[in-house]
There are 2 protein chains.
Amino acid sequence: MNFSSKLLENAVNEVSQLPGIGKRTALRLVLHLLKQPASQSHHLANALTNLVDEIKLCKQCHNISDVDTCEICASHSRNTEVVCVVEDVRDVMAIENTAQFKGLYHVLGGKISPIEGIGPHNLTIDSLVEKVKKGLVKEVIFALSSTIEGDTTNFYIFKQLEEFNIKTSTIARGIAVGDELEYADEVTLGRSILNRIPFENSL
Amino acid sequence: MNFSSKLLENAVNEVSQLPGIGKRTALRLVLHLLKQPASQSHHLANALTNLVDEIKLCKQCHNISDVDTCEICASHSRNTEVVCVVEDVRDVMAIENTAQFKGLYHVLGGKISPIEGIGPHNLTIDSLVEKVKKGLVKEVIFALSSTIEGDTTNFYIFKQLEEFNIKTSTIARGIAVGDELEYADEVTLGRSILNRIPFENSL
């Protein structure tokens, strides 16, 4: 691309560093900003700068937070003995939206993935083990996505926690509510039969 | 969406103002930035701020530029008597990439579109008419996209320039190089036959 302006080129280059945004899309976004009042770009720039400069990770659950201890960890109405292990803040948001979980979270910050060079020590697993060692936790729920990386991470943590003799569980795998049976993959369908639940529990 | 952090929420809201980016994509982009070194977000924020604060429009062709007169208008090797009318900077970049045009540009900044509330006076048509009136221009090439808005804009400008008795032309419509004839729409195919060119010119 031949740009008529260095400023434009620079902005397009920076925007196109974002995942899934190529040069053409970046140019479209930047030209859109140029058509808006300058204040919109200033607000965007400030929001991003403030975010990276001031964001904190909760000291207890490692979730993204504005303060040292996040709202969920600081709440008195949560059951501190049940900890749900998730990958990142999006999973916390998703589970919070269901309003079905009243325990605390533990955000790993990723999954074990040798291909991407992420080992157990790049995650917050040690801090989880520490919590369990102190006897603060009675149940750990694994809520990672069921990919090879997710299953590996679950198993690694499970092994670390085995000696402490606490309850460990994993979220149920099965046919999603509203899904057609015929389109379900066989692994999921097979598990949903093996792990069937008493009918009265599903009402 | 329930955010665990105001800073995060604010950044997601600002990013999701961009066209084609919803809340979920915005969250993905913002979390990506949080995983990168803070300098990347600073560079992005600075690039956007500098762009909107310092960008200029070339006084002659109204193209986006870092200086008062853009590189193309300032060049001595361009034919100043031929002016190509385009919608925005992307079209200038596209035509410059072909290396087939050695005249100047005139960037309208949009197309006449009553639905979006864009009339002739929101565009730089008056400045084009002024140039022609001064006798500086011998040919005007219309290179707007062939939509209803593009055709309307072409016709409006054509009517404004009629009295000055200069050459006006429009870019050729026809079957794109490499396209299969059978998939071409009938209007394009019809025009490509009506406006056929001597075979030796196509070599």
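Chain letters run A, B, ... following the sequence lines, proteins first, then strands; residues in each count from 1.
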Side chain to side chain contact (heavy atoms under 4.5 Å, CB included) evaluation trace for Leu33(A) with Leu51(B) = CA-CA 9 Å; Leu33(A) 282 176; Leu51(B) 179 72; 5.8 Å; no
Kindly indicate, with the supporting measurements, whether the criterion side chain to side chain contact (heavy atoms under 4.5 Å, CB included) is fulfilled by Ser4(B) and Val89(A).
-> CA-CA 8 Å; Ser4(B) 60; Val89(A) 59; 3.8 Å; yes
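Your options are Gly110(A), Cys70(A), Ser41(A), and the one with the most heavy-atom pairs under 4.5 Å with chain B is Ser41(A). Contact count versus chain A (heavy atoms, under 4.5 Å) is highest, among Gly109(B), Ala38(B), Ser5(B), Gly20(B), for Ser5(B). Contact count versus chain A (heavy atoms, under 4.5 Å) is highest, among Ile55(B), Val92(B), Ile21(B), for Ile55(B). Highest contact tally toward chain A, considering only Gln17(B), Glu96(B), Glu71(B), is held by Gln17(B) [criterion: heavy-atom pairs under 4.5 Å]. Counting heavy-atom pairs under 4.5 Å between each of Pro19(B), Ala94(B), Ala45(B) and chain A puts Pro19(B) at the top.
Put simply, CG on Leu18(A) and CD on Gln36(B) are 9.0 Å apart, with the number rounded to the nearest 0.5 Å. A distance of 6.0 Å separates NZ of Lys35(B) from CG of Asp88(A), quoted to the nearest 0.5 Å. Rounding to the nearest 0.5 angstrom, the gap separating the CG atom in Leu7(B) from the OG1 atom in Thr49(A) is 11.5 Å. Rounded to the nearest 0.5 angstrom, Leu34(A) CG and Leu48(B) CG are separated by 9.5 Å. For the atom pair CD (Glu9(B)) and CG (Asp66(A)), the distance works out to 9.5 Å, reported to the nearest 0.5 Å. Rounded to the nearest 0.5 Å, atoms CE (Met93(B)) and CG (Leu8(A)) are 6.5 Å apart.
Crowding of Arg24(B) atom CZ: a count of heavy atoms from other residues, nucleotides or ligands under 6.0 Å not exceeding 12. Remark: Glu162(A) CD is packed, more than 12 non-hydrogen atoms of other residues, nucleotides or ligands lying under 6.0 Å away. Counting heavy atoms of neighbouring residues, nucleotides and ligands inside a 6.0 Å radius, atom CZ of Arg191(B) does not exceed 12 of them. Counting heavy atoms of neighbouring residues, nucleotides and ligands inside a 6.0 Å radius, atom CG of Asn165(A) does not exceed 12 of them. No more than 12 heavy atoms of other residues, nucleotides or ligands sit less than 6.0 Å from atom CZ of Phe155(B). Under a cut-off of 6.0 angstrom, the local environment of CG in Leu136(B) is crowded, with over 12 non-hydrogen atoms contributed by other residues, nucleotides or ligands. Dense packing is recorded around CD1 of Ile197(A), with more than 12 heavy atoms of other residues, nucleotides or ligands lying under 6.0 Å away.
Contacts between Asp53(B) and chain A at a heavy-atom distance below 4.5 Å involve the side chain alone, from C-beta outward. Proximity to chain B is absent for every atom of Lys56(A), based on heavy atoms less than 4.5 angstrom apart. Of the two parts of Leu27(B), only the side chain, counted from C-beta on, holds a non-hydrogen atom closer than 4.5 Å to a non-hydrogen atom of chain A. Both the backbone and the side chain of Arg28(B) come within contact range of chain A, with heavy atoms under 4.5 Å apart. In this structure, chain B has a heavy atom under 4.5 Å from the side chain of Asn63(A), while its backbone stays farther away. Of the atoms belonging to Ile72(A), not a single heavy atom falls under 4.5 Å from chain B.
Asn10(A) and His43(B) form no side-chain donor-acceptor contact under 3.5 Å, judged by distance and modelled atom types alone.
The two atoms that bring Ala47(B) and Ala11(A) nearest to each other are CB-CA, 3.8 Å, heavy atoms only.
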